[in-house]
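For this chain, numbers begin at 1 and follow the sequence in order. What you are looking at is a predicted structure, and each value in this text was computed from that prediction instead of being measured.
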Amino acid sequence: DETNPLEGFWMEGDSLAPPCQAEMDVISVILSIANISSNSTLYDLGCGDGRVCIEATRRYNAKSVGVEIEEHLYNDFKRKIEELELSDKVTAILGDLREVDLSPATVVVLYLLPEAIECIRDKLDALLERG
């Protein structure tokens with residue numbers, strides 16, 4: 001595309017997220033800014049291997065839900081949940097983040113391409129309006 005030579009730069013196929021995971025120091029900052037508590041229900045959209053969900057639950061005893069469309073990342077996430085015995089608090093969803101009900105969320109974490117955020121803007125706006 002001549003009008004935007006970088007269009008699709010990060011995208012591989014129909015990916016909605018950049019192809020990289022957050023480092024642990026970044027996750028620590030995210031969780032502290034989000035003011036997570038044991039009463040929180042964190043949703044991570046495009047969660048990859050689930051590291052944000054796992055840390056939110058381990059550190060704050062929060063419920064967490066990770067949504068991932070790539071099966072190998074979802075499988076890694078499920079395996080970690082089982083290994084760490086967190087299945088009572090952490091849920092992994094294999095699916096399209098655009099189709100997930102976010103109404104139980106008190107915190108939403110996302111690291112997505114702008115086009116993906118635009119696709120779920122109405123859902124995010126509804127959560128912000130709810131407070």
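When Leu127, Asp125, Leu110 are each tested for a side chain to side chain contact (heavy atoms under 4.5 Å, CB included) with Ile120, only one passes: Leu110.
With sequence neighbours excluded, no residue forms a side chain to side chain donor-acceptor pair (under 3.5 Å) with Ser38. Among residues two or more places apart in sequence or in another chain, the salt bridge (Lys or Arg N to Asp or Glu O under 4.0 Å) test is passed with Arg130 by none. In this structure, the side chain to side chain contact (heavy atoms under 4.5 Å, CB included) partners of Asn75, at least two apart in sequence or on a different chain, are Glu71. Partners of Cys53 by side chain to side chain contact (heavy atoms under 4.5 Å, CB included), not counting sequence neighbours, listed by chain and number: Leu42, Asp44, Ser64, Phe77, Val90. Contacts of Asp49 classified as salt bridge (Lys or Arg N to Asp or Glu O under 4.0 Å), with partners at least two apart in sequence or in another chain: Arg51, Lys80.
Atom-to-atom distance recorded for Leu86:CG and Ile81:CD1 is 7.5 Å, nearest 0.5 angstrom. Residue Ile117 holds its CD1 atom at 10.0 Å from CG of Leu97, rounded to the nearest 0.5 Å. Annotation: the span from Ile93 atom CD1 to Glu68 atom CD amounts to 11.5 Å, rounded to 0.5 Å.
Heavy-atom minimum distance, Glu85 versus Asp88: O-OD1, 3.9 Å. Heavy atoms only, all atoms of each residue included: Ile36 and Ala62 are closest at CG2-CB, 3.7 Å. Closest approach of Val100 and Tyr43 over heavy atoms only: CG1-CE2, 4.0 Å.
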Output side-chain donor-acceptor pairs under 3.5 Å for residues 23-33, partner residues at least two apart or in another chain, one line each.
residue	atom	partner	partner atom	Å
Ser28	OG	Met24	O	3.2
Ser28	OG	Arg59	NH1	2.8
Ser28	OG	Arg59	NH2	3.0
Ser32	OG	Ser28	O	3.4
Ser32	OG	Val29	O	3.0

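By the rule that hydrophobic residues join a cluster once side-chain heavy atoms approach within less than 4.5 Å of another member, Val52 and Val107 end up as members of one cluster. If you chain together hydrophobic residues whose side chains sit under 4.5 Å apart, Leu112 and Leu124 fall into the same group.
Atom NZ of Lys89 sits in a crowded spot, with more than 12 heavy atoms from other residues, nucleotides or ligands closer than 6.0 Å.
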Could you go step by step and tell me if Leu45 and Leu102 meet the side chain to side chain contact (heavy atoms under 4.5 Å, CB included) rule?
CA-CA 10 Å; Leu45 306 180; Leu102 299 178; 3.8 Å; yes
Could you give me the CA-CA distance, side-chain angles and deciding distance for Asn39 and Thr106, then say whether side chain to side chain contact (heavy atoms under 4.5 Å, CB included) is met?
CA-CA 9 Å; Asn39 295 322; Thr106 59; over 6 Å; no
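A donor-acceptor contact shorter than 3.5 Å is absent between the side chain of Ser87 and the backbone of Glu82. Checked by atom type and distance alone, the side chain of Thr57 never pairs as donor or acceptor with a backbone atom of Lys63 at under 3.5 Å.
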